Amino acid sequence: MTSPRVDSKNSRASRSSRRRRGIFISFEGPDGAGKTTHARLLAELLGKRGHKVVLTREPGGTPFGEQVREILLDPATGRISHLTELLLYESIRAHHVESLIVPALKSGKIVICDRFTDASLAYQGYGRGLPAETVRRLNEIASSGLKPDITILLDIDSRDGLDACVRDNARSSRRKKSSTGRLDRIESAGAAFHRRVRRGYLRMAAAEPRRFMLVKRAPTLDDTFARMIRLLGKKCPGLRLVAAP
Ligand code: TMP
């Protein structure tokens, strides 16, 4: 299979530097924007259309990453310095990139990653207030310079997003019959923090319009997904998103 064309100058540079053949798509957005659901739906759709797809996430993606994710999100971890927090996300990333993402891209797969380097800039940079340059340098080291070809930014008002998190957490704790329906360590960082995160994402999208694809939430999940697929079809015309006639 030849790789579908991605209409992005940045993607050409980073793809040739890693000599990879696949496509790297990241999903970003404030907490509660619905990226995990949309990433899964996109992976299923591309799989049905014959693409080889790897769906992964940060923090997480590997057994090591999933363990460190628990530490990062567990409210019992308590306060750790912003730099310590950033380094934990970056350590997950370094291992994830070298052990899973780059090998999958080299074998021509489409890698869909639920959050990547932009999340560190949004949360630890804009949100926590670490200098953007520090976050960028650590992102560059941890990812070996790998950048997504396309970043799908699902936008939601940060208050609506947190309300959605509360509802989701309550639903999943009912399913698991556990009593913990509360927000995780990052979700509970406060309304002002989440407003800064959202602003950060919107600034990043404005600064790199070729890579970012901004998707505003529609009234229903199906409408948002349809909107996302329409935009993706324009951005990446070679991707098979509709069934062959
Ligand atoms: P998730 O809820 O999207 O799975 O992500 C877990 C949390 O981790 C979410 O609140 C965003 C946060 N996060 C960071 O703060 N920095 C990062 O670099 C990443 C990847 C996620």
Side-chain angles (χ1 to χ4, degrees), residues 24-40 42-43 55-62 64-75 77 79-97 100-101 111-132 134-143 146-148 151-156 158-169 171-173 180-201 204:
F24 186 22
I25 301 175
S26 63
F27 272 81
E28 298 284 357
D31 285 277
K35 7 158 236 69
T36 304
T37 306
H38 284 87
R40 180 178 48 77
L42 178 62
L55 175 63
T56 185
R57 69 172 178 180
E58 285 194 6
T62 64
F64 164 77
E66 292 295 331
Q67 284 199 27
V68 183
R69 176 187 172 96
E70 293 285 317
I71 296 170
L72 275 163
L73 301 188
D74 187 351
T77 299
R79 286 182 74 85
I80 52 177
S81 82
H82 300 336
L83 182 62
T84 307
E85 183 176 283
L86 173 64
L87 289 169
L88 287 175
Y89 280 109
E90 299 293 0
S91 69
I92 292 172
R93 182 163 299 135
H95 181 56
H96 191 204
V97 166
L100 191 144
I101 300 178
V111 175
I112 299 178
C113 193
D114 184 351
R115 295 199 190 280
F116 195 60
T117 42
D118 299 302
S120 297
L121 197 53
Y123 282 79
Q124 282 66 52
Y126 286 95
R128 299 293 197 204
L130 284 173
T134 304
V135 182
R136 285 206 183 93
R137 273 170 56 197
L138 288 170
N139 273 348
E140 175 82 17
I141 293 167
S143 65
L146 180 72
K147 269 204 160 196
T151 296
I152 299 175
L153 174 58
L154 284 175
D155 186 40
I156 187 171
S158 42
R159 178 177 287 274
D160 294 346
L162 287 179
D163 288 348
C165 288
V166 172
R167 282 196 302 276
D168 286 355
N169 294 356
R171 243 196 319 268
S172 80
S173 61
T180 54
R182 59 193 175 148
L183 295 175
D184 69 33
R185 204 180 63 83
I186 306 283
E187 286 164 352
S188 55
F193 169 86
H194 287 282
R195 276 197 299 275
R196 291 196 297 278
V197 168
R198 182 187 183 211
R199 251 197 324 268
Y201 271 131
M204 283 187 260

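Just so we're clear, the structure is a prediction, and the values are computed from it rather than from any experiment. Atoms within a ligand are numbered from 1 in the order they appear, just like the ligands themselves. Position 1 is the first residue of the sequence; numbering continues from there. What you see below is based on every heavy atom in this structure, not just the backbone, and it leaves out hydrogens, waters and symmetry mates.
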Sequence-distant partners of His95, ring pair (Phe, Tyr, Trp, His ring centres under 6.0 Å), two or more places apart | Phe64
Please answer whether the main-chain N or O of Ile80 pairs with a side-chain N or O of Thr84 as donor and acceptor at a distance below 3.5 Å.
-> no
Among all residues two or more places apart in sequence or in another chain, which pass the side-chain hydrogen bond (donor to acceptor under 3.5 Å, both in side chains) test with Glu70?
-> none
Phe24 ring center near Phe116 ring center (under 6.0 Å) =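 Close enough - the centres of the two rings lie under 6.0 Å apart.
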Pairing residues for Ala132 by the side chain to side chain contact (heavy atoms under 4.5 Å, CB included) criterion, not counting sequence neighbours =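 Checked Ala132 against side chain to side chain contact (heavy atoms under 4.5 Å, CB included); matches are Leu121, Arg136.
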Might you list the protein residues in contact with ligand 1, defined as having a heavy atom under 4.0 Å from one of its atoms, sorted by chain and number?
->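 Lining ligand 1: Asp31, Lys35, Glu58, Pro59, Arg69, Leu73, Tyr89, Arg93, Arg115, Ala119, Ser120, Tyr123, Gln124, Ile186.
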Salt bridge (Lys or Arg N to Asp or Glu O under 4.0 Å) between Glu85 and Arg185, worked out | CA-CA 11 Å; Glu85 183 176 283; Arg185 204 180 63 83; 2.7 Å; yes
